[in-house]
Every structure is written in structure tokens, then in C-alpha cells.
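By convention here, the first residue in the shown sequence is residue 1. One-based numbering, in listed order, for ligands and for the atoms of each.
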Amino acid sequence: MDYGISIWANNNFFIDNKKVKLNYKSKPSLVKIVKEIRDGGIRGPILLRFPHLIEKQISLIYENFKSAKDEFDYKGSFNAVYPLKVNQYPNFVKNIVRIGEKYNYGLEAGSKAELLLAMVYNGKNSPITVNGFKDEEMISLGFIAKEMGHNITLTIEGLSELTNIIKINKKRYGQTPNIGLRIRLHSSGIGIWAKSGGINSKFGLTSTELIEAIEMLKKENMMSAFTMIHFHIGSQISEIGPLKKALREAGNIYAQLKKLGASSLNSINLGGGLAIEYSQHKDEIKRNYTLREYANDVTYLLKDISTTKNVKEPNIYIESGRYIAASHAVLVAPVLELFSQEYTQAKLKLKDVNPPLVQELYELYNTINSTYAQEYLHDSIDHMNSLLTLFDLGYIDLIDRSNTEILVNLIIKKAITLLKDKGSKELLQIQDMIQERYLINFSIFQSLPDFWGISQNFPVMPLDRLDEKPTRSASIWDITCDSDGEISYDKNKPLFLHDLDVTKEDYFLGFFLVGAYQEVLGMKHNLFTHPSEATIEINDDGYEIKNIIEAQSIIDIMEDLDYDTKEVVKTLDDKIKNSNLIDNSAKKDILDEINMFLNDNSYLLS
Ligand SMILES: *Cc1c(COP(=O)(O)O)cnc(C)c1O
């Protein structure tokens, strides 16, 4: 059982000596890293960041486009920017900027806050692109970025933004940012994220508006600022077809705009959308192209259109975010409990004389073997149904019922072990019936919001014991008090985990490819906040754990919600001091205790 690691892991992780390891330099196991962090006192879920995986993705993008440009003798330049909305956390962004410096990898901003981050962190020689709806303040920020010396392009989403740029340009100090026009294409991506492209999309100028924009720029003598057209057909583009269609459309618009006198126009920005393979199962694979194919298609198509239309080959910009960010982060969370742990032989309370069917279950349990496993299993389920009816009619008592549940559970578990090498369809069905619910110390709302919101699956697997065949069909429960906080067992993409005794061993699950979108989309449902995080730099001899940030303390969470924390602390103190249920001597200890709890994070202590 390799949990589809060959499908989704992109050779970043591999299984060796029972454990999931990083396939880089000293190849440490994830369990070892996590245990070391936990030994430092951090509990609950931990998000691990791996800068070498950011570096890998960035260099792959530049290398593939370089090969494509060489292959087709493409004259325009290749440029990329990282869209901040995908992950704005400082320990990610600072690494992006540091690693991207040698490529002049830039940043893309979609809001005032993101633009300010870009103005702080973007490298001197790297481009900044700005998308999204802009008011006069945001446009002024764009001008300030230009005045500071940044190479910035403001992409306008509608004509009113252009009107504002023209107005602000008159008031400022002579430096105009580059202007990009977002074009509204007929083509759009497919899949759950495709809404950002297409003729009905939220963004972009129609052909009529494009012509009008050109006229406005000409009239204001600002044509020299218009350098870029932009489109973005959606995130997680699983098939290359729609992108090629969009490129042809955009390439022709580019050539037309050049003919209309856009003499400074020299760039096409393709937006983001490069897909990540999240699937753990062969028949669920979604992405039908590679980065190489993407780079080749983009370069070839733009070359072809430019040659046909006799225009200079445009500089290429891409804004892929998911592709860069997803793989760098792994969430590791401990299992707190298995809900059917109570079904052990030790819990049986057999009487001297049991109802005949219970007695028979007991014998099935003791004599089941591989030849008769399936038959005994059917019998036991039959008996259970009869016994439950007898209970409803008042013929057997609660102890008999408990014995029934335990015995049937034990028989099913034994049968699964006996049948496991036969791989029958039947076995899958049985496993569906006795799902084990694993309670995990994390919040799905906080750490996998796209699972909650749009049923996006993320690869999940245990980090250890990978030499043993897991036999429990697992559903995963988080610790929120919300029934949506569950990844239920799905027999089309089954998850099997190991049987375990949580009182005796740690068992960690890794959730992979969570570095894009999940962190900032995460919700504080039940006041579970961003998990503790650490950055892991792997070297030839081992690794270094850097920038450990513990999940927010409860008192800080309250402060974030604008509670008056002085009032909170004082009220708790007063209630303890004024209580007449305890001795005065105990009060100081209780005060210390509650103070400690207020300064802990809100995850459970495991
Ligand atoms: C969201 C967005 C991106 C990033 O998309 P990914 O699918 O993460 O690559 C790029 N450009 C624009 C304009 C966006 O809105």
C-alpha cells in the first residue's frame, strides 16, 4: 500500500524503511522531524514548510520555458510572478523572494494589502503585476511603487479603472506605471475553478471596451504606457485544450491591438492555472499534460501567431501560483482516538448462559479460518441483525447487545485479515461496513478548507508503519463540533489505515500538497487557528528546523476577535477569588492553572 505516492508526490517523497521520507539530500523521515519539533514542546497539528520544494518548482518553470524558447527559437523574454493570494504567509513569501531572485521572479498583487507586501519584498529587478478591482487609493499605490523604482504593471479590469489611472497620472510626479488590459476571452478552463475565464467571467474587457480603451489612451497620449494584455482562464486547468484555445484567441487580439497602433504593447500575460495532481488513485487522475507540454504549447502557439500576423514575438508572463506553492507544505496531525477501540475481546461480558445466537457468534469468532472466512462473516452479520431485532422486542438485554457488537466487530476484523490477500469485491464492501473513525487533532475548516468548500481531495497517508498492510477502512474526523469536519470513507477512493492503540503509540497522518490557498482560506471555526508551523532546511548531513511559530494562544485568539482581554483575565480571576467552594490556599494554584490554559493554543494536547 503506497497511498498513490507515485501519482501525487512528484518524487518529492518516498517510502523507505517503513517511513515517508523526503527525497532530498540527507533524506530525513517526516516522523523524525515531527518528533523533534514535538520534543521542543509543540503539540497538535504542525505545518512543515520545505524551501527546497519551492526552489524545485520555480526552477522547473524557468528551465522548461528556456528549453521551449530554445527549441522554437523564440525571441520574446519569459517572465514569471508569484500571485500572493495563493499564500501570503511570511515564511513562505520570504523564501519565494529569496529563491526567485536569481530568475527575477516577481510578485502579483490583487489587493491593496498584497500590493504593499509586494512593494516591501519584491526584488529590485523583478516585475510586479497588479490585478483585481482597484480604487483610486490602490491605483495611487501603484504609482508610488513605480516612483520607488519598481517595474510595475497595473492590469485594468474595466474602463473606469483606466479613467482613474488617467486622472491620477495628471496629478502625480511624472512616472507612469505600465498599463495592462485584461481581456475577456470566449475560451475558459474547465473544472471547479473555471469561473475566472470566459465571456461571462467576472473580469476583463470585451472587444468593444478594448477598442475604447485604446482610444482613451491615444487621446491622453498614454499609449507608450500600454505594454501588456492579460488573461487568466481559471485555476487548476486540468486539460491543455482550453488553454491552447485561449492562447490563440489572445494571440490574435495581441496582433490586432498592435495593428491598431499599440506600439509599446510587447507582452502577453497568461495568468495562472497550471495544475497539480492531487489524486491518490489511478482512476481519479485529472491532469492531462506536463509542464513541458504547457511551455512548448505556449511558446509554439505564440511564435506561430506572431509569424503569421507579422508582429514581434511577445514577452511571455505567467502567474502560476498553485503549481509553485502546493507541494512546499505538509500538515502533520496526530491521531487522538479510534472510535471502535472499545471492541476488544477483553471487553466481552459473556454470561454463564448466553442467548443461543450470541453463543454461536462466539464460536464463529473462535473457529473462523481462511477457508470459511466469507461464509462465517455472512452468518455473523445475519446473527447480528436477528439479535438487534430481539433487543428491540425486549428478549435480550444490554449486555447481550454489547457482546453482539463486540463479537461481530472482532469477526469482521479477523475476516478482513484472513481475506486480505484475495482482494475480493466483497472484502471492499465489508470494509465499507466497518469503517473506523479516526479522530485527528486538526481542523478541516482551518487546514483543508477546499475539502470543506469544494470537495477538493488532498493526499493523506500515515507517516510510519508502511511495511504493514493497513486493514481499517478509515474515515477522518477533525476536532471541530461540526459534522462537516469529516472526510468520510469513499469506496471509490478508499483510505485504509492501521489498527492502533493510541495509549501505546503515536500515529501521525500527513496531509500533502496543502501549500496553495489552504492557509489563508482557513477558517477559525470553533476558534481553531492556523496550526503551529516550522520551516525545514535539509542539507547533506541532516536538516535544520527554523522559524517555529506556535499556533496562537487562546488569549491572542480572543484579542483578535476584539475581546477586551484585560476584562477576560480579570473576570476569571475575580470569579476564582470570590468562589466560596474552595479553600483560599487553593486559589493561587487555580489562578496559575487558568493562566497557563489561556496561554496555550486551542488544539488538543496530543
Ligand atoms: C488566482 C490567480 C492566479 C493564480 O492561479 P493559480 O491557479 O494558483 O496558478 C494568477 N493570476 C490571476 C489573475 C489570478 O486571479
Hey, can you pull the donor-acceptor pairs under 3.5 Å for the side chains in residues 8-15, sequence neighbours left out?
residue : atom : partner : partner atom : Å
W8      : NE1  : Y3      : O            : 2.8
W8      : NE1  : G4      : O            : 3.2
N12     : OD1  : K56     : NZ           : 2.6
N12     : ND2  : A9      : O            : 3.4

(Q) Between H232 and G272 (side chain of the first, backbone of the second, donor and acceptor by atom type, cut-off under 3.5 Å), is there such a pair? (A) yes

Per-atom contacts of ligand 1 with [X], taking only distances under 4.0 Å to non-hydrogen atoms:
{"X": "E319", "result": "3 (C), 4 (C), 9 (O), 10 (C), 11 (N), 12 (C), 13 (C)"}
{"X": "G321", "result": "6 (P), 8 (O), 9 (O)"}
{"X": "Y517", "result": "1 (C), 4 (C), 5 (O), 6 (P), 7 (O), 8 (O)"}
{"X": "G273", "result": "5 (O), 6 (P), 7 (O), 9 (O)"}
{"X": "V86", "result": "8 (O)"}
{"X": "S235", "result": "6 (P), 7 (O), 8 (O)"}
{"X": "H230", "result": "13 (C)"}
{"X": "G272", "result": "5 (O), 9 (O), 10 (C), 11 (N)"}

Q | Check: F511 ring centroid to F442 ring centroid under 6.0 Å | A | yes

Q: Report yes if the distance between the aromatic ring centroids of F512 and F458 is under 6.0 Å, otherwise no.
A: no

Q | Between H530 and E519: side-chain donor-acceptor atoms closer than 3.5 Å | A | yes

**Q.** Residue pair E136, K167: steps toward the salt bridge (charged side-chain N to carboxylate O under 4.0 Å, His left out) verdict
**A.** CA-CA 9 Å; E136 291 188 25; K167 188 168 107 193; 2.7 Å; yes

What I want to know is whether [X] and ligand 1 share at least one N or O pair that is separated by under 3.5 angstrom.
{"X": "E108", "result": "no"}
{"X": "N131", "result": "no"}
{"X": "R182", "result": "no"}

(Q) Measuring from atom CE of M223 to atom CG of L257, what distance do you get when rounded to the nearest 0.5 angstrom? (A) 8.0 Å

**Q.** R182 vs E161, salt bridge (charged side-chain N to carboxylate O under 4.0 Å, His left out): CA-CA, chis, key distance, verdict
**A.** CA-CA 11 Å; R182 183 158 181 169; E161 285 179 12; over 6 Å; no

Tell me which part of [X] gets within contact of ligand 1: side chain, backbone, both or neither, using heavy atoms under 4.0 Å.
{"X": "Y323", "value": "neither"}
{"X": "P83", "value": "side chain"}
{"X": "R322", "value": "both"}

Below 3.5 Å, can you tabulate the donor-acceptor pairs from side chains in residues 93-101 to any protein atom, sequence neighbours excluded?
residue : atom : partner : partner atom : Å
N95     : OD1  : R98     : NE           : 3.4
N95     : OD1  : R98     : NH2          : 2.7
N95     : ND2  : N91     : O            : 2.9

